[in-house]
Amino acid sequence: MGRFIYRRLIHGLIVILGVTVIVFVVTRMVGDPVQVMLPLESTPEQRAAFEKKLGLDRPIPIQFVEFMGNMARLDFGDSLWQKRPAMEIVFEKLPMTILLTAVGIGFACVLAIPLGIIAALRPGGVVDRVTVFGSLLGLSVPQFWLGLLFIVVFAVQFKILPTSGAGTPSHILLPALTMGLPTLARLVMLVRSSMIDELNRQYVKTSFAKGLPFVRVVGLHALRNAGLPIMTLVGWEVIRSLAGYSVVVETVFAWPGIGLTAIQAIEREDLILIQAIVFTAAVCVVVINIAMDFIYKLIDPRLKLT
Amino acid sequence: MTGQTLEGRSELPLVDVRNLSVLFDAGRAGFWGRKRLTVHAVENVSFNIRPGETLGLVGESGSGKSTTGRAILGRVPVSQGHIYFQGKEITHAGKNRVRELSRDMQLVFQDPYASLNPRMKIIDIVAEPLRVHGMVKNTKAVAKEVARLLELVGLPPDAGARYPHAFSGGQRQRVGIARALALKPRFIVADEPVSALDVSIRAQVVNLMQDLQAQFGLSYLFIAHDLAVVRHISHRIAIMYAGNIVELAERHLIYDSPVHPYTRALLSAVPVPDPPVQRARQRITCPGEPPNPLNPPSGCRFQSRCPYVTGTCREKSPDLTRRRPGQMAACWNC
Amino acid sequence: MNTSPKAPLLEVRDLVVNFYTRGGVVQASRGVSFQVDYGQTLGIVGESGSGKSVAVQAVMGLIFNPGRIEGGDIFFKGRSLLDPAGKKRVRQVRGKEIAMIFQDPMTSLNPVFTIGTQITEVLRHHLGMTKEQARKRAMDLLDMVDINAPEKRLKQYPHEMSGGMRQRVMIAMALACEPQLIIADEPTTALDVTIQAQILELLTDLQQRLNVSVILITHDLGVVAQLCHRVAVMYAGRIVEVGDADPVFAAPVHPYTRGLIRATPRLDVVTERMVSIDGVPPDLISPPRGCAFFPRCDRAGKACSRMQALIALGDDRHVSCWCAAKEVTR
Amino acid sequence: MTPPRTDTLEQALAENRFEWWDSICELGRELKRDKPGLIGVILITSLVLMAVFAPYIAPHDPAAQDLTARLAPPVWYDKGTWHHMLGTDHLGRDVLSRAIHGARVSLWVGAAVVLCAGGFGVVMGLMAGYLGGRTDAFIMRWIDTQVAFPGLLLALIILAVIGPSLTTVVVVLALNGWMVYGRMTRSAVLSIRQSPYVEAAEVVGCRWPRILFRHILPNLTSPLLTLGILEFARIVLAEAALSFLGLGIQPPATSWGLDVAMGKNYMFMAWWLVTIPGCAIAVTVLAINLVASWLRLISDPQEREKQFARHMAKGMRKNMQAEIDKERQPETS
Amino acid sequence: QTRQITIALGSEPTTLDPQIREDGGERAVNDNIYDTVLTRTPEGDLIPSLAAQMPELVAPDTWEVTLRPGITFHNGEPMTADAVVYSIQRVIDPDFNSEQISFFSTIKAARATGDLTLHVITDGPDPILPSRLYWLKVVPPVHSKDPGFAENPVGTGPYRFVTWQRGQHIDLVRNDDYWGDAPQIMAVRYRFIEEPGTRLAGLMAGEFDLITNLLPEFTSHVPKSVNVLGLEHPIVILNADSGITKDPQVRQALNLAVNKMALANGLFEGYAQVAQGQLLSPSFFGYNDQVTAYPYDPDRAKKLIEAAGVKGQTIELIGTSGRWLKDRDLVEAVAGYWEQAGLKVNVRIFEFNEYLNRLFDRKTRADAIFVVSSNELLDADKSFSAYYKSGGVGASNTDATLASLIDAARSETDEQKRENLYHQAVKRAYDQAYFVWLLNIEDIYGLSQRLDWPGRVDARLLVQEMTCQ
Ligand SMILES: Nc1ncnc2c1ncn2[C@@H]1O[C@H](COP(=O)(O)OP(=O)(O)OP(=O)(O)O)[C@@H](O)[C@H]1O
Ligand SMILES: Nc1ncnc2c1ncn2[C@@H]1O[C@H](COP(=O)(O)OP(=O)(O)OP(=O)(O)O)[C@@H](O)[C@H]1O
Ligand SMILES: [Mg+2]
Ligand SMILES: [Mg+2]
C-alpha cells in the first residue's frame, strides 16, 4: 500500500517533470514571442528591451534552471498576453472547465448506465440495436460540427438557449451536451459490453439460483462487477477533457475555460501561460489517475495496490 | 512390458534428478513492499527415471509436479540441485543446449484445446519440430513424415489438412503426442495428459502412450493428480506434497502397502465405482488443506493434516528414506 | 411412468431444450425424464456435453438466451414449473426450496461481495430476516459446513479463500433456507482429490442429517457409488439407463453404462490395460437417428439406427437399448 | 460438416488449397447477415474509391476559385445550378469537389497515422511483451508516462510551433496514439506467451523470431485489426478537429475539418458549407465504426453466438423445429 | 424597455487600465469610460473633448491645452490640468512600459501652467500632436495608483464601470453626471466571443445588439448593419531594389494587372473601396485627391511586362492567413491577376510568426509581400514612416527623395505645408509604383433591430452615439 502510493507519486512527478521539460523545450523553439507580442511597426530597440524583460536573452540552461525553480513555487511569471500572473489566469479558468466536464460527463453517466444495462439485457434485441447504432452515430459526429448544429437549432432557430458564453445555468446546457455526447456514446457501449460479459458469468447464475430478484442481480451484483471498466472510462473521459480535449467545445461555445484559454495562448504565443496551463493539466491528470486507483480498490477487493 | 519390474536393473538412469529445488519470485508484500515473497514450488526433490520406464508423479494441485517436469526440460530456472540426462549434467543448460536437448526430451500438455495453435493446420503443428531442427528438406518429405506420425497416433492421414478446431479433445491430444514424437525423443514429460479428457476416452490416450513406449523404448514422466490413472502406465510412482516427494515406490507397493499417511489418504480419497465396496471402505480423510507455498511450515509439510503428527514432525523435515526394497518414504513415524 | 401414489418431490418429463447457435441447433436435452423422491439422492452421470447441466438448469429456470425449453414438463411437488403460472413459482422456489451448487467455486461466488453479504442476502430475501438474525444464521451455517472462525470468514472476500472453502460456502449458501432439494452440479470436479473427499463426506453427512433430496451431477462413477441411492446415466441429451445404484453398478444393462463402468479406473482391482469406449460422443447439432450410442456400440443391430426405446426392467429401472430389451425378454 | 475423406495427406492438402477463398465467401455470408456491417463495408469501399479517383470524379478543381459565383446554393434551391451541384463556398469553390478531395486527406491521414502509430506501437509492444525484464519495464514506464501527458495540449503546442502541415499532423497524431497499440500488443503477447501452444513451440525448439511471427502475431491480427480500424475512426475525427482549430491541414489543401472551420462563418446563410463536410466526416467515421463493430463481433465467438441466436429466434426457428419433430417421428411409431 | 444593450467583442480585455495595452477589446470598453483630451467627429475631424478648444502651438515644440472646467471623475476626483499632466507622464514613463507608447513617442514632458491649462513639450516640432492627444485617456491621479485600478476603472466618460466577470462579461451603466450630452442608453454589457460565427449566431438569436467585424456576406442576414470606411488598407509591398520588381515598369504593370474593383465587389461584396493609389483614406491627413488608382488594364500590363523582358519569370508573393479579413483570398486573387499578366507567381503563405520574420527581414526582401496597414492616427505619418520611408519596418525601397519628403513633413508644423509634402510623397510613390495599392476596407457592424448607430470612421464603439428603442 505504502509502496503503491510512493510509486504512484514518483511516477506522477516524472510525468509532470517530463511534461514541463517538453513544454520548456517546445516553447523555446517558438520562433520569437517578442515579435508577436509587439505591434508590427515597433523598433528593434523596443524588441530587445522586451526580450530582456522576459529573460529570453539569457542562455537556455540558465533559463531552464530558473524555470524549474519557479515552477516548484507555482510561479510561472506574468502572462505575456494578459499581463498578470499566469497561475491566476489558470485558477480562474480551470473551475469553468471542471464545471463543464462535471456537468457533461455527469449527464453522460446518468444516461449511459441505464441505457447500457437495458441494451445488455437483450443483446441483439431491438432496444439493443437502436442503442448500439445510436452510440455509433454519437461517436461518429464531430463535436465541433455538433456544437454548431446545436447553436443553429436551439439558439438561433428556437431561441430557447443562449448561443455562447457562461454565466447562468442555461448557458452550460449546450456545451455540456456537446461535450457529453461522445462520452455518452462510449459509455453506453462499454456499459453494454461489460454488462453482457458480467451477465454471462457464473456468479450471475448462482445469484439467480439463490432466488434473488432480477433487479438485485443485474443492478447490484453484475453492475458492481462491471464497475471497474466503467470507472476506468469515466476517469479517462475526465482526464481527456482536462487535458485539453475540451478545447473544441470551448472554442465553439466561447466557454471561458482552460481549453479556450490554451488555444488563445497558443495563438498569441504566450509561452508563460502555455507552460502554466500544460503544467496544471499534467497535475490534474496525475491526481485523477491516482484517485482512480483508489476508487478501483474500493470497487474491487481483489486488487492489491502494490 | 507393462507390469514388469525394473527394480535391480543396473542401467544408467536416463534422467537423474538430485536435490532439486525451484523457487519463484512472487512479488512483494508489506506496507512498504519490503518483504519479498518466494514460492517454494519444489524443494529438495530427488528421483531418477531409467530408459523405457514410466515414473508416475502424483500430487494435488500446486504441489510442484509441473514445475518438476519443466525443470527437467530446462524451462524454469533451478535454484538448487542437479539434473542429469544420460549422465550429463543439464541443470543450467544454456538456450542452445536446451534447444538441442529438445530433440531428446519432449512435453505433452494437459489442455488439448489450448496446446495447439488454432491458426495452424495440423500438418504445420506436427511438422514444426522437424522444420525448426532442419530435419526435413521439402514439403513432400514433410507430408510424408507427418502422415507417418499421424498414423502412428491413430489419426487418419487427411487430418493434417485440417485445423485443430475440427477435432475432439482426445484427437487433439493425439496430435500433441504426434508433435512430441516427431523428433524421436527418448524421454517425454506428460503433464496430466488425460486430466482434461472424459473417462470414456482417457484410456485411448493412456493405451496409446503405452504402445508407443513399447514400440520406441520411451521413458515417461507421467504427471497426474489422482492415483487411479497412473496405475496403468507407471512402473514407479512418486507422490508429491507441497513441493516434496513424500513417497516413491514401485507401483504395486504404492497401491498395496503405502507407507506415508498422505499416500494412504490419497488412496482412500479416490472413490471406487462400486457402491457396496465404496460404502464399506475404510475412508481416511485428512482434514485441512495444503500449506501456503509462500510460507511453508518448518518441519514436515504434511504436519497440519497428519493424524500421526508428533513434535519431531514440527521441527525437522523428514528425508526420503528407504523402507523396503523399491519403496522410499519421507516420514518420521512410519 | 410415475406409479407411486404420492407425487415425487421433483419430476422431469420429456424435457426438450435446444440451443440456437451459429453452427446449428444444439439439442442439449432430447426428452429427458427422471424423478427424485423425498430424501433421495439421484446421481446423474455422463460424459461432458451430454446435457446433464442443461437438464437441471431447466429445473431452476436458468436456461438463458440462446437456449429454450421447447418441450416436456417439470413438476415440483406435483405442480408444474413450466406452465404460465410456473414462472412465478420458479422464482419463489429457487433458492428457497431448491438450492443449487455449481461446479466451479472460483467463479460461482461474486468476487466483489463478502461471503457474509452473499449468504445473508439469501436469508434476508427469502426469510425476511433482519441483518443481525441473518448474520447469526450465516455463522451457524458456516459452522455446519465445518468452517472454523465463521465470524472472520463472513468478512472475507471469495478470493481470500481456497477452493475447498469456497465450495463449503456454496454449500452453506444452498442450505440457508433449508431446502428440500439440493442440486449439486459437479461439486467436486474442480477440487483436489483429498478436498473432494472432504466435500463428499460433508455432503453425505448433511444429506443424512437433514434428510434433503439431492441431485448430484458428476463424471465420476465413484462419486455416485459413494453418495447416491439412484443413478441416471445420460448420453447425448438422453437418459439411457436409470435405476437404483446397486443393481446398475452390479449389472449394467446399457452398453454405454457398461463401458463407462469399465473405463473408470479402479484402485481395488488390478486390470492390465485400461478400457475405453471407442469413438467420440455425437455432435448434438445433428445427433444420429435412433440410438445415439449406436455408432460406438459393439452390439448395435439394425433396429438401433432407426429408433430409440425406453424399456422398463422392473424395480423402477429403465434402459433405452434394443439389445438390452432382447436380452431381458429372452 | 465433415470434409470429404481422402486417402493421403497430400491429396487432402491439395484439396484444401483454395480454402482462403472459402473463408472469404464465409466472411461475405457473415456480412450479408449483418446489415449495418454490410452498409459500413460498402460505404468504406466507396469512400476509398472516391478518394483514390478523386481527380477523375470531382467535377471541378477543388481549389479553383470563382469570386463571381460565391456561396451558390445546392441544386435544389432556386438559385442552385447543376454546375455546382452542392453549391459553392465563400471563394466560389465547388463544395462537392472539395468534399471528394477532402476524403483523400482524411483517409490518408487516418491510414498514415494508423500505420505509423500501429507499426511503432506493435513493435514496442512485441519487444516489451517478448523480451520482458528491463526492456518491458522501460517501455511500460514510457507508455504510462506518455499516457499521463496532456496529449492534446502538447500536440497543439507542437503544431503551433513547428507549423501545421500534413506531415506534422500525421507525426503528432501518431506520437500521441501509439501507446494503445503498444499496451494491447504487450498484454496480448503476454497472454499468448503463457498459452500452452507457445510453450509447445518453445519446447519443440523454436527460436523467438519464429515464435513471434508464426505463433504470436497471427493470433494478434484480429484484435489489432479491430483496434486499428477503431483508431482510424478516431484519427479521422482528430484530424478534423485539429483542422477546425486551424492547426491541422492548411489551405490550399482541403480537409473536411478545415472546410467546416471555413464554412462556420457562413453557417447561417450557407448551411451546406458546414453540413456537407460535417456529414462527410460523420458518415465516414460511422462507416468505419460499423465495420469495426462487425469485425469485433465476428472475432468474438461469444458475441457471435448471441447474434446468431437472435437471428435464429426470428424466423428459422420454426423450420428447425419441424426438422427436429420429423426426426423424432420413428420413435413414437 | 430598459435601454440596456449587449455588445459582442472579438476579444476580452486583458486589463482595464486604459494606458497599458494596445488592444481592441480594452479600447472598446474604455472609450466609453474615459474621455480623451481631443476627440473626433464620426467623420474623423478632430474636435475638443476634455479640452475646451483645440490646442495651440505656443512654441515650435510646445503646445498649450486648455481644459473644460467643472469635470469630475466618477469617483469624485476633479479633472484638472494636473490630472492630464499626470496621465501624460504616466503613459510616457519608460518603466510603465505602455504599449501605447508609439502614439506618444514624441512627447517629452507636460507641465501644468494653471488649474486648467497645461503645456505639452515635444521632442522637436510635432505637427500631429493633436492627433496624439486624441489617444490620451485621462486617468484619475489618485485612484489610478490603487493596485486594483486595472480591474476597477474610473474615468470621466459617459459610462461608469460596474463589474467585470472575467471570461464572461463587463457591465457599464450610464454616468448621470456626465459633462456632455446625456447618452440615451442606460447600460451596456460587453461579451467576448472570439468566433465570428458564434458572434453572428448571438446577434441572430437576439442576444447581442452590436457585433463587430461582420462579414460582408451577412449584411443581408442580420437585422441591421452599418458600414463605414475603415482604417485598414491591404497593399502589396514591391521590392524596388532587386529582383524583377526593380524595374518601375514591372511595378506599374503589377498595379495595372489587378482588377481592384472586382476584388472590392466580389470578395468584399462591395464593402470595400478601391484604394486611390495611396496608403490613405480620404479622411486621413495627407490624402491626395489628385492621385487615383491605377486602372485595370491587363493589356497594358502584359505589354509592360513584355517590354521589361520579364515575361514568364517568377515572382514571389508572400502572405499569411487568418490574420486579416480575407487576407489569403486577396493574395491568391492578386496572384491570379499577375499570372494573367504573364508572370509566374510563387505564392507563399506563411504562418504568422514566420510571415513576420519575412516582413521585417531587412537583408533579403522578397519580391512582393502582402500586408494590411492600419492607421489609427488618421495621419499619413504613421503609415508612411513604416512602409514608404526607406528603412521603415516594412519598406522595400531606398528612395532618398521620398524619405526626405516624409522626414520634412514630420517636423513641419505648418499644416498646409505639411499636407503639401505628403501630397508630393504620395505622388512620388505612386509614380514609382512602390506598392500595389489594393483596397480600403469598410468596417461592418451588425446591429439588432432596436439599436441605431451611424458608425464612425475611427472604429470606436461609442455607446453615447447609439440609440435604442
Ligand atoms: N512461473 C511461476 N511463478 C510463480 N509461481 C509459480 C510459477 N509456476 C508455478 N508456480 C507456483 O509453484 C507452485 C507449484 O506449481 P506447479 O504448477 O508445479 O503445480 P502442479 O503440481 O503442477 O499443480 P497443477 O496440478 O495445478 O498443475 C504453485 O504454488 C504455483 O503457484
Ligand atoms: N449456453 C449455451 N449455448 C450453446 N450451447 C450450449 C449452451 N449450454 C450448453 N450448451 C450445449 O448443450 C450441450 C449440453 O451441455 P451441458 O452443459 O448440459 O453438458 P454437461 O453434461 O453438463 O457437460 P459437463 O460435464 O462438461 O458439464 C453441450 O453440447 C453444450 O454445447
Ligand atoms: Mg501442473
Ligand atoms: Mg455441466
Side-chain angles (χ1 to χ4, degrees), chain B residues 70 73-75 95-96 98-103 105-133 139-140 142-148 150-151 156-164 166 176 179-180 182-183 185 189 191, chain D residues 1-20 22-23 26 130-133 137 188-189 191-225 299-301 304-305:
Chain B
R70 288 153 57 92
L73 292 170
R75 304 195 44 75
K95 268 210 170 123
N96 286 332
V98 167
R99 253 169 62 79
E100 248 168 63
L101 279 169
S102 70
R103 290 186 180 212
M105 298 198 280
Q106 274 302 323
L107 180 59
V108 172
F109 293 84
Q110 165 172 11
D111 186 346
Y113 291 88
S115 59
L116 305 181
N117 188 340
R119 303 228 162 206
M120 283 167 86
K121 285 187 190 169
I122 301 298
I123 180 171
D124 295 320
I125 293 174
V126 175
E128 181 147 58
L130 301 170
R131 291 212 175 101
V132 298
H133 287 275
T139 36
K140 232 186 174 142
V142 168
K144 207 170 137 214
E145 181 64 13
V146 170
R148 188 186 70 81
L150 290 179
E151 197 192 333
D158 66 335
R162 295 155 75 182
Y163 285 90
R179 169 173 60 192
L183 293 171
V189 176
D191 192 352
Chain D
M1 215 34 218
T2 41
R5 297 251 150 196
T6 39
D7 296 333
T8 70
L9 180 50
E10 277 185 322
Q11 244 174 310
L13 282 173
E15 254 169 46
N16 279 0
R17 218 169 15 204
F18 294 109
E19 64 191 305
W20 57 269
D22 291 343
S23 47
E26 170 66 19
Y130 202 84
L131 300 180
V189 169
S191 78
I192 295 177
R193 253 200 104 173
Q194 300 277 316
S195 74
Y197 66 81
V198 169
E199 185 169 11
E202 284 175 355
V203 169
V204 137
C206 292
R207 287 178 222 270
W208 71 265
R210 188 180 173 92
I211 290 178
L212 219 50
F213 292 106
R214 291 250 340 166
H215 295 269
I216 294 181
L217 261 185
N219 284 291
L220 269 177
T221 43
S222 82
L224 272 180
L225 192 69
S299 59
D300 177 0
R304 198 168 160 167
E305 283 304 328

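Numbered from 1 within each chain, the chains take letters A, B, ... in sequence-line order.
- Looking only at heavy-atom pairs under 4.5 Å with chain D, the residue among B:A114, B:A182, B:A143 that has the most is B:A114.
- Take D:Y130 and apply the ring-ring contact (aromatic ring centres under 6.0 Å, His included) test, not counting sequence neighbours, and it matches D:W208.
- Listed options B:P129, B:A166, B:G176 were ranked by heavy-atom pairs under 4.5 angstrom with chain D; first place goes to B:P129.
- Heavy atoms closer than 4.5 Å to chain D are found in the backbone of B:L116, but not in its side chain.
- With rounding to the nearest 0.5 angstrom, the CD atom of D:E202 is 11.5 Å from the OG atom of B:S102.
- With a 4.5 angstrom heavy-atom cutoff, B:N96 touches chain D only via side-chain atoms.
- When every heavy atom of D:V204 is checked against every heavy atom of B:L183, the shortest pair comes out as O-CD1, 4.0 Å.
- Only one option out of B:R75, B:R70, B:M105 pairs with D:V203 in a side chain to side chain contact (heavy atoms under 4.5 Å, CB included); it is B:R75.
- Heavy-atom neighbours of chain B within the stretch residues 209-217 of chain D, taken at a separation under 4.5 angstrom, comprise D:R210, D:R214, D:H215.
- Heavy-atom distances place the side chain of B:I123, and not its backbone, under 4.5 Å from chain D.
- Every side-chain contact (heavy atoms from CB on, under 4.5 Å) that B:K140 has, sequence neighbours left out, goes to B:N138, D:E10.
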Run the side chain to side chain contact (heavy atoms under 4.5 Å, CB included) check on B:V132 and D:R207 step by step: do they pass? CA-CA 8 Å; B:V132 298; D:R207 287 178 222 270; over 6 Å; no
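- B:E128 approaches D:A201 most closely through the heavy-atom pair OE1-CB, 4.1 Å.
- Residue pairs that meet the salt bridge (charged side-chain N to carboxylate O under 4.0 Å, His left out) test with at least one member in residues 109-127 of chain B, sequence neighbours left out, are B:K121-D:E19, B:D124-B:R131.
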